[in-house]
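Below: the structure, in structure tokens.
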Amino acid sequence: MLVHNAEIAAMFDEIADLLDIQGANPFRIRAYRNAARTVQGLGRELSDMLAGDEDLTDIPGIGADLAAKIVEAVETGGMETLEKLRRQFPPGITDLLRLPNLGPKRVKALFQDLKIESLKQLEAAAREGKVRNLAGFGEKLEQQILESIKSKADTGRRFLRAAVEPYAHALVQYLETVPGVETVAIAGSCRRARETVGDIDILAVADGKSQVMDRFVRYDEMAEVLAHGETKSSIVLRTGVQVDLRLVEEKSLGAAMVYFTGSKAHNIAIRKRAQERGLKINEYGVFSAGEEKDEPYVAGRTEKDVYATIDLPFIPPELREDAGEIEAAEKGKLPKLVELDDIRGDLHMHTAESDGKNSIREMAEAARARGYEYIAVTEHSRRLAMVGGLDEKRLMKQMEEIDRLNATLKGIAILKGIEVDVLDDGGLDLPDSVLAKLDLVIGSIHSQFRFTSDRQTERVLRAMDHPCFTMLAHPTGRLLLEREPYELDLSRVIEHAAQRGCFLELNSHPLRLDLTETSCRMAKSQGVRVCINTDAHGTTDLDHMVYGVGQARRGWLGKKDVLNTLPLKSLRAALAKTMGK
Ligand code: DGT
Ligand code: CA
Ligand code: CA
Ligand code: ZN
């Protein structure tokens, strides 16, 4: 049995949840919580790393104890620690914790005082007005609970794309081995590189006698078969992700790819365009919609052919949201989107000097192995003492170390930076005299997430006005599926960045992807360059760059719009300018 990262992450999350209800040591809870995030965004399968005899404790946030649990999970499919905890609680209890208004204290109260063990029971109790009387609840919270149960039912469950993609790729590989199968391709929101996905959509071309559907519904990670037909089947994998597989004819593959890649809004727009040309587009092809009933086939083999029938060039999947791409394509104004290969360096990372896992040299060598020209080392500043933030003295020492490394390391340049905390009033957490010695200064909001929009925005604008401010890290502070962004007027921030001549980070961590695609477009329209960083806490995290690039592409960014596509010399000049040098 193959155990994927997402399953291991889910186990760690559940352990953290249950420990939380138990009132266990917060540090222990946080360690599991962080491990879940790390594993989820790893970009490589832990089972592969183990098979290759790699040391899991090299992964940021994974110590010997967590590494042993990962080994246990990969070998047995479970964790004894989790089993023990589960035996102490009813099974529906973790669903309660996932409601936005319910922390472990409240879940414990619901469980102990009202014997509520599931969302269903909670909904019933809230309807009957029983919940409001519990200590620390009240009528307003009861109402909010009902609303969040409802909205949860509305939106359905979504998954991080990064967490789901390994499943999609494994399944594609599996299907490709089935005799008679010619092509297997991923479509849907996965292909459009959305941050989160509702399910996995796969298309296959196979000869008539192929067993592909039978093999699909017997995939060994399948938990449930929802539909089993000749051309369409759906299964649910053990982790809860649904996969839709459709078998299409070769002459329809392009049309089916367009249709099932979506988005729905994009499809509707191109169908309308086809109608205007006396054509009909569906998942089988493009047909001439004449008077006669037999509707002759016009095209459908490739996506390019399909778009050509409606006088459009190929539109990259990341842009297919009916957000102006069709108009742009019509005018020949589609952007040439940035690619992973265009990226020449990574300007935000941490080392073992603070809460990272590797030395500066290891980070530099790993970056060089990925073909980069440069990196910047950007530790946290002193205010984040909890994660080893640097004060002036330690930062100066690190700068000397970087000088020594730069003198010996060939083929990669290490820039001196800092991820400095933006203080409540917009000041920076280190003195100007030391900041001025660096090559770049990244400002981050790590506190006071609850400021009003006005106050938060003023805070960020003040920070940007600092003479040594290069870029704003993870500008909205959101964590996908976990934490809403803080209130911030990003359009003012972007306008200000344009005037100030500084940059915005697009943080590539699969949980952050912070900037959104809309903000990327806004930045581009104001001429503010975006820097795609990984914020790596270890060498393996450098691989997150691909997710940042995916997001940038969804945000219409080309090579010129992205700061870290510049060669070293021009990059240095661009950075120096923000530092008043
Ligand atoms: P997801 O799964 O929620 O992340 O998003 P998608 O875009 O993958 O949506 P999904 O899986 O429901 O359907 C895959 C694609 O199939 C979708 O992007 C467009 C196409 N599609 C599905 N239903 C319809 C429909 O009712 N009309 C049209 N025009 N296209 C549809
Ligand atoms: Ca989908
Ligand atoms: Ca689907
Ligand atoms: Zn960072």
Side-chain angles (χ1 to χ4, degrees), residues 60 154-161 163-165 168 185-203 226-227 232-236 241-246 248 255-275 280-284 317-318 320-322 346-351 353-357 363 375-381 384 387-390 417-422 440-446 471-475 477 480-481 505 507-509 511-512 514 531 533-538 541-542 544 554:
D154 285 347
T155 52
R157 191 162 164 214
R158 295 189 72 79
F159 303 83
L160 284 189
R161 177 168 64 93
V164 157
E165 267 190 341
I186 294 175
S189 49
C190 278
R191 181 160 181 244
R192 302 201 312 281
R194 277 198 61 180
E195 313 154 347
T196 64
V197 300
D199 67 3
I200 301 173
D201 301 283
I202 299 180
L203 298 184
L226 300 176
K232 177 181 188 298
S233 298
S234 294
I235 61 175
V236 179
V241 192
Q242 181 179 330
V243 189
D244 295 341
L245 173 66
R246 287 174 186 86
V248 302
M257 281 304 279
V258 170
Y259 185 89
F260 293 111
T261 295
S263 65
K264 198 166 159 181
H266 176 86
N267 288 354
I268 290 169
I270 64 169
R271 265 207 313 260
K272 185 158 159 272
R273 205 176 155 86
Q275 274 162 14
K280 194 179 133 191
I281 293 187
N282 58 30
E283 60 266 54
Y284 304 106
E318 296 92 335
R320 299 184 195 170
E321 299 291 346
D322 192 23
D346 194 334
L347 294 185
H348 181 169
M349 68 188 66
H350 302 266
T351 76
E353 181 62 28
S354 62
D355 61 342
K357 200 85 191 191
M363 294 305 282
I375 58 166
V377 174
T378 55
E379 310 285 17
H380 293 295
S381 63
L384 288 189
V387 292
L390 269 56
I418 188 84
E419 180 184 6
V420 67
D421 254 55
V422 173
L440 74 159
V441 171
I442 302 182
S444 276
I445 300 278
H446 285 134
M471 74 177 79
L472 180 66
H474 38 70
L480 285 162
L481 309 171
E505 173 179 272
N507 192 293
S508 301
H509 195 286
L511 258 170
R512 290 190 182 270
D514 187 4
C531 187
N533 293 327
T534 63
D535 198 354
H537 285 65
D541 289 349
L542 293 170
H544 290 155
R554 285 183 61 80

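The figures here come from the full heavy-atom set of this structure, side chains too, leaving out hydrogens, waters and symmetry mates. Residue numbers count from 1 along this sequence. Both ligands and their constituent atoms are indexed starting at 1 by order of listing.
At the top of the distance list for atom 14 (C) of ligand 1, counting protein heavy atoms only, stands Phe260 O, 3.6 Å. At the shortest separation from atom 5 (O) of ligand 1 among protein heavy atoms lies Ser189 OG, 3.5 Å. The closest protein non-hydrogen atom to atom 17 (C) of ligand 1 is Gly262 CA, 3.9 Å. Atom 2 (O) of ligand 1 has Asp199 OD1, 3.0 Å as its closest protein atom, hydrogens excluded (heavy atom only). For atom 9 (O) of ligand 1, the closest heavy atom belonging to the protein is Asp201 OD2, 4.7 Å. Atom 7 (O) of ligand 1 has Arg192 NH1, 2.9 Å as its closest protein atom, hydrogens excluded (heavy atom only). Protein heavy atom closest to atom 25 (C) of ligand 1, with residue, atom name and distance, is Lys264 CE, 3.6 Å. Distance from atom 24 (C) of ligand 1 to its nearest protein heavy atom, with residue and atom name: Tyr259 OH, 3.7 Å.
When each atom of ligand 1 is checked for a heavy atom of Asn267 under 4.0 Å away, the hits are 19 (C), 20 (C), 29 (N), 30 (N). Near Arg271, meaning under 4.0 Å from any of its heavy atoms, are these atoms of ligand 1: 29 (N). Annotation for ligand 1: atoms under 4.0 Å from non-hydrogen atoms of Gly188 are 8 (O). Less than 4.0 angstrom separates some heavy atom of Val197 from each of these atoms of ligand 1: 4 (O).
The Ca ion (ligand 3) sits nearest to atom OD1 when only the N, O or S atoms of Asp201 are considered. The name of the N, O or S atom in His350 nearest to the Zn ion (ligand 4) is NE2. If you look at Glu419 and ask which of its N, O or S atoms sits nearest the Zn ion (ligand 4), the answer is OE1.
Minimum heavy-atom separation, Leu481 to Leu160: CD1-N, 3.9 Å.
Contact annotation for atom 20 (C) of ligand 1: protein present (non-hydrogen atoms, distance under 4.0 Å). There is no protein heavy atom less than 4.0 angstrom from atom 12 (O) of ligand 1.
Ligand 1 has at least one atom lying under 4.0 Å from a heavy atom of Arg158. Ligand 1 lies nowhere less than 4.0 angstrom from a heavy atom belonging to Ile200. Put simply, no part of Arg194 is less than 4.0 Å from ligand 1, judged by heavy atoms.
Two residues are said to be in side-chain contact when any heavy atoms from C-beta on lie closer than 4.5 Å; Pro475 and Asp514 meet this criterion. By the 4.5 Å heavy-atom criterion applied to side chains, His350 and Val387 are not counted as neighbours. Looking only at side-chain heavy atoms (C-beta outward), Glu321 and Arg194 come within less than 4.5 Å of each other.
The angle that His348 NE2 and Asp535 OD1 make at the Zn ion (ligand 4), rounded to 10°, works out to 80°. Rounding to 10°, one obtains 80° for the angle at the Ca ion (ligand 3) between OD2 (Asp199) and OD2 (Asp244).
A donor-acceptor pair under 3.5 Å links the side-chain atoms of Thr378 to the main chain of Met349, judged by distance alone. At least one donor-acceptor pair under 3.5 Å links the side chain of Arg158 to the backbone N or O of Thr196. A donor-acceptor pair under 3.5 Å links the side-chain atoms of Asn267 to the main chain of Tyr259, judged by distance alone. Glu505 places no side-chain N or O within donor-acceptor distance of the main-chain N or O of Cys531, the cut-off being under 3.5 Å. A donor-acceptor distance shorter than 3.5 angstrom exists from the side chain of Asn533 to the backbone of Leu347, with no hydrogens or angles considered. Side chain of Ser263 to main chain of Arg320: a donor-acceptor pair is present (N/O by atom type, distance under 3.5 Å, no hydrogens or angles). No donor-acceptor pair under 3.5 Å is formed between the side chain of Ser189 and the backbone N or O of Arg192.
Thr534 and Asp346 form a side-chain donor-acceptor contact under 3.5 Å, judged by distance and modelled atom types alone.
The N/O atoms of Gly198, backbone and side chain alike, include one that comes under 3.5 Å of an N/O atom in ligand 1.
Heavy atoms from other residues, nucleotides or ligands lying under 6.0 Å from NZ of Lys272 number 12 at most.
Of the heavy atoms in Thr261, only backbone atoms (N, CA, C, O) come closer than 4.0 Å to ligand 1.
Taking the six-membered ring where the residue is Trp, His380 and His446 present perpendicular rings, their angle passing 60° and hence far from 30°.
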